[in-house]
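Notes follow the structure.
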Amino acid sequence: MSARVVVIEHEAEAGLGYFGGWLAGLELDVVRPYLGEAVPERAGDGLLVLGGAAAAWEDAEYPWLPATRELIRASVAERLPVLGICLGAQLMTLACGGVVVRGEHGLEIGARTVELLPAAAGDPLLRGVPDARPVAVQYHYDVMTGLPPEAVPLATGSPYPNQAYRLGDNAWAVQFHPEATPEIFAEWTTGLTDYPTHELNVEVGASRGAFERNWRPLAEAFAAVVVEYTTRVRGQTA
């Protein structure tokens, strides 16, 4: 039984990365609205919303964002498996009643440590992450300052505390980039001024093993959630 996940990709430089190989067993339907592809009204058996340079409220510059927020909102309401990464997490936050603003401490960038909160120990996605303080790729200007009602915080960090949360049983938002390879990060830093890009790229490259150790279990757990959902729902409608 093939499970189909809609993937919203906001730009070519922010693709699936590691997740292209780690989400084994899923049919990944990548939608690229920046190339004119329409955001679907329904997300199949699951939804993955990737990152990008847009701010979650920049509808005039990125006209597909309202449809993406509505797809997230409807998918969460339907209890489809949903995972939002960075911009995807911020879009979920706005779509479901939270607050996203420009971060007062500026850009969070590089290989940075996040801290798993107690609720992560029982969470379907994060309980398999082996490190209590895993390192992750960060690259974001905007932050989630108010989580949606009933959100369960799962990870925190400094200077921005809201790093991951779960909404309901099947929806997750992560501010960091578990999908980003060191090569993808190096693309993001190309042309970046006022930051020590060489040192940041070296730091991220040296963390490759930690990324793969910690975030592959998260990706595989999301794939398992989608397969379980698909099997259960199709079984009920057979």
Side-chain angles (χ1 to χ4, degrees), residues 5 7-8 10 19 43 46-52 54-57 65 68-105 108 112-180 214-215 217-226 228-229:
V5 171
V7 180
I8 306 297
H10 298 284
F19 277 30
L47 175 64
L48 172 59
V49 185
L50 299 172
W57 58 83
L65 293 184
T68 302
R69 291 195 300 269
E70 175 55 25
L71 178 62
I72 293 171
R73 186 206 62 76
S75 298
V76 171
E78 193 179 340
R79 299 179 68 181
L80 285 174
V82 181
L83 175 59
I85 293 173
C86 199
L87 173 58
Q90 296 162 3
L91 289 166
M92 182 188 299
T93 300
L94 288 184
C96 297
V99 178
V100 179
V101 301
R102 189 69 47 151
E104 63 177 338
H105 301 289
E108 183 174 22
R112 297 291 176 262
T113 298
V114 297
E115 180 178 352
L116 300 186
L117 295 170
D123 181 75
L125 261 58
L126 288 173
R127 66 189 175 200
V129 175
D131 295 346
R133 301 182 74 248
V135 65
V137 168
Q138 295 278 15
Y139 196 117
H140 65 101
Y141 292 94
D142 304 328
V143 295
M144 306 177 292
T145 56
L147 300 186
E150 302 182 5
V152 178
L154 297 171
T156 189
S158 178
Y160 300 120
N162 292 320
Q163 290 292 333
Y165 68 84
R166 185 182 69 250
L167 193 57
D169 297 329
N170 277 16
W172 289 267
V174 295
Q175 180 59 79
F176 49 91
H177 284 277
E179 87 296 356
N214 284 291
W215 306 124
L218 180 149
E220 292 176 343
F222 181 67
V225 168
V226 174
E228 187 279 331
Y229 169 86

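Start at 1 with the first residue, then count along the sequence.
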Indicate yes or no: at least one non-hydrogen side-chain atom of L83 is less than 4.5 angstrom from one of V49.
no
State, to 0.1 Å, how close V135 and W215 come at their nearest heavy-atom pair, and which atoms those are.
O-NE1, 3.0 Å
Using a cut-off of 6.0 Å, state whether more than 12 heavy atoms not belonging to E78 lie near its atom CD.
yes
Go through it in stages, so that I can follow the logic: the residues are D142 and V101, the test is side chain to side chain contact (heavy atoms under 4.5 Å, CB included), and I'd like the CA-CA distance, side-chain angles, deciding distance and then a yes or no.
CA-CA 6 Å; D142 304 328; V101 301; over 6 Å; no
Got L47 and P81 here, is their nearest side-chain heavy-atom distance under 4.5 Å?
no
Evaluate R102 against W57 for side chain to side chain contact (heavy atoms under 4.5 Å, CB included), listing each step before the verdict.
CA-CA 11 Å; R102 189 69 47 151; W57 58 83; 4.0 Å; yes
Is there any ring pair (Phe, Tyr, Trp, His ring centres under 6.0 Å) pair reaching into residues 113-133, and which pairs are they, with sequence neighbours excluded?
none
Which pairs pass salt bridge (charged side-chain N to carboxylate O under 4.0 Å, His left out) with one or both residues in residues 124-133, sequence neighbours excluded?
D131-R213
Quick note, salt bridge (charged side-chain N to carboxylate O under 4.0 Å, His left out) partners involving residues 151-169, not counting sequence neighbours, are R79-D169, D123-R166
Considering residues at least two apart in sequence or located in another chain, which fulfil the side chain to side chain donor-acceptor pair (under 3.5 Å) criterion with N162?
none
Taking R73 for its side chain and M92 for its backbone only, find out whether a donor-acceptor pair lies under 3.5 Å.
no
Considering non-hydrogen atoms only, spot the tightest contact between G97 and P149 and give its length.
O-CD, 4.1 Å
Are the side chains of Y165 and V152 in touch, meaning some heavy atoms are under 4.5 Å apart?
no
Do V100 and T145 have side chains that get closer than 4.5 Å, going by heavy atoms?
no
Measure from the ring center of H105 to the ring center of Y160 and say whether it is less than 6.0 Å.
yes
Determine which pairs satisfy salt bridge (charged side-chain N to carboxylate O under 4.0 Å, His left out) with at least one residue from residues 81-93, sequence neighbours left out, and list them in order.
none
Pairwise distance OG1(T156) to CG(L116) - rounded to 0.5 angstrom:
10.5 Å
What closest approach, in Å, do G128 and P217 show between heavy atoms, and which atom pair accounts for it?
O-CB, 3.5 Å
Does the side chain to side chain contact (heavy atoms under 4.5 Å, CB included) test come out yes or no for N170 and L80, once each step is laid out?
CA-CA 6 Å; N170 277 16; L80 285 174; over 6 Å; no
Heavy-atom side-chain contact between H177 and Q138 under 4.5 Å
no
Rounded to the nearest 0.5 angstrom, the CG-CH2 distance for L218 and W172 is 9.0 Å
Please round to the nearest 0.5 Å and tell me the distance separating atom CD1 of I8 and atom CG of L87.
11.0 Å
Which pair of heavy atoms, one from G157 and one from Q163, lies closest together, and at what distance?
N-CG, 3.8 Å
Among residues at least two apart in sequence or on other chains, which ones pass salt bridge (Lys or Arg N to Asp or Glu O under 4.0 Å) with E115?
none
Please assess L91 against T93 for the test side chain to side chain contact (heavy atoms under 4.5 Å, CB included), listing each intermediate value before the final yes or no.
CA-CA 5 Å; L91 289 166; T93 300; over 6 Å; no
Rounded distance [0.5 Å steps], SG in C96 versus CG in L147:
11.0 Å
Working to the nearest 0.5 Å, report the span between CD of Q90 and CG of L65.
11.0 Å
From H10 atom NE2 to I85 atom CD1, the distance as rounded to the nearest 0.5 Å
10.0 Å
For the residue pair L117 and A155, what are the closest heavy atoms and their distance?
CD1-N, 3.7 Å
Flag the pair F176 / H140 as yes when their ring centroid distance falls below 6.0 Å, and as no otherwise.
no
Where is the tightest heavy-atom contact between G88 and I72, given as atom of each residue plus distance?
O-CD1, 4.1 Å
